[in-house]
Amino acid sequence: MDFGLSEEQELLQETVRGYLANECPPARQRELFDAGPGYDEALWRGLAEMGLMGLAIPEAYGGAELEVLDLALACEVLGESGFPSPFLGHVMSAAALVEGGDRDQQTRWLPALADGNRIASVALCEANSAWEPDSWACRLSGETLSGSKLFVPHADAADLLVVGVEGGRLVLVEASAAGVGIESGEGVDRSRPVFRVDFDEVPCEPLADDPRIADRLCDVGRVLVAADAFGAATHLVEEAVEYAKTREQFGQKIGQFQAVKHQLADMMVVNEA
């Protein structure tokens, strides 16, 4: 059995990698980190034109109808470049709509998410690191939502939020709705700013009443975050190796020192596993 990537998947990664190298070199990346708001609209539209936002959205709504693996391959390349964008929350939100949205919700949102004209994010975590669906406490009262969410990625740029609520369910909230409050949070990843979002009797639309959808969404998130981290770690190991080949100490390249070789080898083995 072949567990390697297909030619199309390898081409996807190389295309995205080439685009980011040309359009977002380190100097431009630094500008985005320093100036905010955490992404560049022109670069976002460039990726959307390549079809990246609609990878796992059905063809009927303008997507490519591919798999989570393909999303993970994109996340790996975005992670290795440290590219700041709302991609993670955006594609997770689209996945939630594909799994649990009704025909009206999908028709209204998925085409705009596929072409990048609308941006979405996910609001899952609550106080005390309550990430899991069975620990969500945001309260539904009829068709309104009240409560707070933490670590919401790119909430300030989002048009749509997929919010986890009590009972392990998911609802849709328009970020511009009355009663939505967005406050910058503290995060260490400058490619993915996070926010606190408060909901005060905000109008919402429930997705399908099936707790498996929220569980599935969390699983997708874990895979994509892992792919993002793997891409970043791979790039850093490669940079460390290159540095060890050029940096000199005591008259020779530091890559010749056994202690440095061991550290580099250990990093490579841990990352590959």
Side-chain angles (χ1 to χ4, degrees), residues 38 56 68 71-72 75 86-102 104-106 108-110 113 118-189 192-229:
V68 174
L71 291 176
C75 282
F87 185 77
L88 175 66
H90 186 83
V91 297
M92 287 181 64
S93 299
L97 270 163
V98 171
E99 291 277 345
D102 61 29
D104 177 67
Q105 291 167 334
Q106 292 178 342
R108 187 160 18 108
W109 287 106
L110 287 179
L113 298 185
R118 294 291 189 94
I119 294 175
S121 190
V122 288
L124 304 180
C125 183
E126 297 183 11
N128 300 316
S129 298
W131 285 97
E132 299 298 328
D134 60 5
S135 63
W136 294 337
C138 278
R139 187 179 68 260
L140 285 178
S141 179
E143 296 182 351
T144 64
L145 168 67
S146 295
S148 299
K149 291 290 184 177
L150 306 176
F151 308 119
V152 181
H154 284 93
D156 62 333
D159 300 293
L160 177 69
L161 297 172
V162 174
V163 186
V165 300
E166 58 186 355
R169 297 181 62 191
L170 298 170
V171 301
L172 303 179
V173 173
E174 294 197 40
S176 60
V180 176
I182 299 175
E183 178 183 343
S184 181
E186 295 183 2
V188 297
D189 184 353
R192 191 176 297 122
V194 292
F195 297 81
R196 174 191 174 103
V197 182
D198 297 309
F199 305 95
D200 184 9
E201 297 185 354
V202 177
C204 64
E205 294 182 27
L207 295 181
D209 187 8
D210 184 346
R212 291 175 298 180
I213 296 172
D215 289 334
R216 165 74 171 169
L217 178 63
C218 290
D219 285 343
V220 169
R222 292 182 183 100
V223 170
L224 299 187
V225 169
D228 180 280

Checklist entry - What salt bridge (Lys or Arg N to Asp or Glu O under 4.0 Å) pairs are there with at least one residue in residues 91-101, not counting sequence neighbours? => result Glu99-Arg216
Item to check | Trace of the side chain to side chain contact (heavy atoms under 4.5 Å, CB included) decision for Thr144 with Phe199 | outcome: CA-CA 9 Å; Thr144 64; Phe199 305 95; over 6 Å; no
Item to check | Heavy-atom closest contact (Pro133 atom, Asp215 atom, distance) | outcome: CG-OD1, 3.5 Å
Item to check | With sequence neighbours excluded, residues passing side-chain contact (heavy atoms from CB on, under 4.5 Å) with Ser93 | outcome: Ala120, Val122, Val162
Next on the checklist: I need the minimum non-hydrogen distance between Ala96 and Ile213, along with the two atoms involved.
Outcome noted: O-CG2, 4.5 Å
Checklist entry - Can you list every pair that meets salt bridge (Lys or Arg N to Asp or Glu O under 4.0 Å) and has a residue in residues 198-209, with sequence neighbours left out? => result Arg108-Glu205, Arg169-Asp209, Arg196-Asp198
Checklist entry - Any idea which heavy atoms bring Ser184 and Phe195 closest together, and the distance? => result CA-CD2, 3.4 Å
Next on the checklist: List the residues meeting salt bridge (Lys or Arg N to Asp or Glu O under 4.0 Å) with Asp159, not counting sequence neighbours, and say none if there are none.
Outcome noted: none
Show me, pair by pair, the donor-acceptor contacts under 3.5 angstrom made by side chains of residues 222-229, not counting sequence neighbours?
residue : atom : partner : partner atom : Å
Arg222  : NH1  : Asp219  : OD1          : 2.8
Arg222  : NH2  : Glu132  : OE1          : 3.2
Arg222  : NH2  : Glu132  : OE2          : 2.7
Asp228  : OD2  : Arg192  : NH2          : 2.9

Checklist entry - Taking Ser121 for the side chain and Pro153 for the main chain, is one N or O donor matched with an acceptor at less than 3.5 Å? => result yes
Next on the checklist: What I'd like to find out is whether the side chain of Ser146 reaches to under 4.5 Å of the side chain of Ser141, using heavy atoms alone.
Outcome noted: no
Item to check | Between CG on residue Leu140 and SG on residue Cys204, distance to nearest 0.5 Å | outcome: 5.0 Å
Next on the checklist: Using side chain to side chain contact (heavy atoms under 4.5 Å, CB included), reason through Val197 and Val173 one step at a time and then give a plain yes or no.
Outcome noted: CA-CA 11 Å; Val197 182; Val173 173; over 6 Å; no
Item to check | Residue pair Val202 / Ala178: nearest heavy atoms and the distance that separates them | outcome: CG2-O, 3.7 Å
Checklist entry - From Leu113 CG over to Gln106 CD, what is the distance, rounded to the nearest 0.5 angstrom? => result 11.0 Å
Checklist entry - For the residue pair Leu160 and Leu172, what are the closest heavy atoms and their distance? => result CD1-CB, 4.0 Å
Checklist entry - Nearest heavy-atom pair of Glu186 and Phe151: which atoms, and what distance? => result O-CE2, 4.3 Å
Checklist entry - How far does CG of Leu161 sit from CD1 of Ile182, to the nearest 0.5 angstrom? => result 6.5 Å
Checklist entry - Around Asn128, counting heavy atoms of other residues, nucleotides and ligands shown, do more than 12 lie under 6.0 Å from its CG? => result no
Checklist outcome for this item: Checking Leu170, Asp102, Leu110 against Leu97 for side-chain contact (heavy atoms from CB on, under 4.5 Å), the one that qualifies is Leu110
Next on the checklist: List the residues meeting side-chain contact (heavy atoms from CB on, under 4.5 Å) with Glu126, not counting sequence neighbours, and say none if there are none.
Outcome noted: Ala130, Trp136, Ala137, Cys138, Lys149
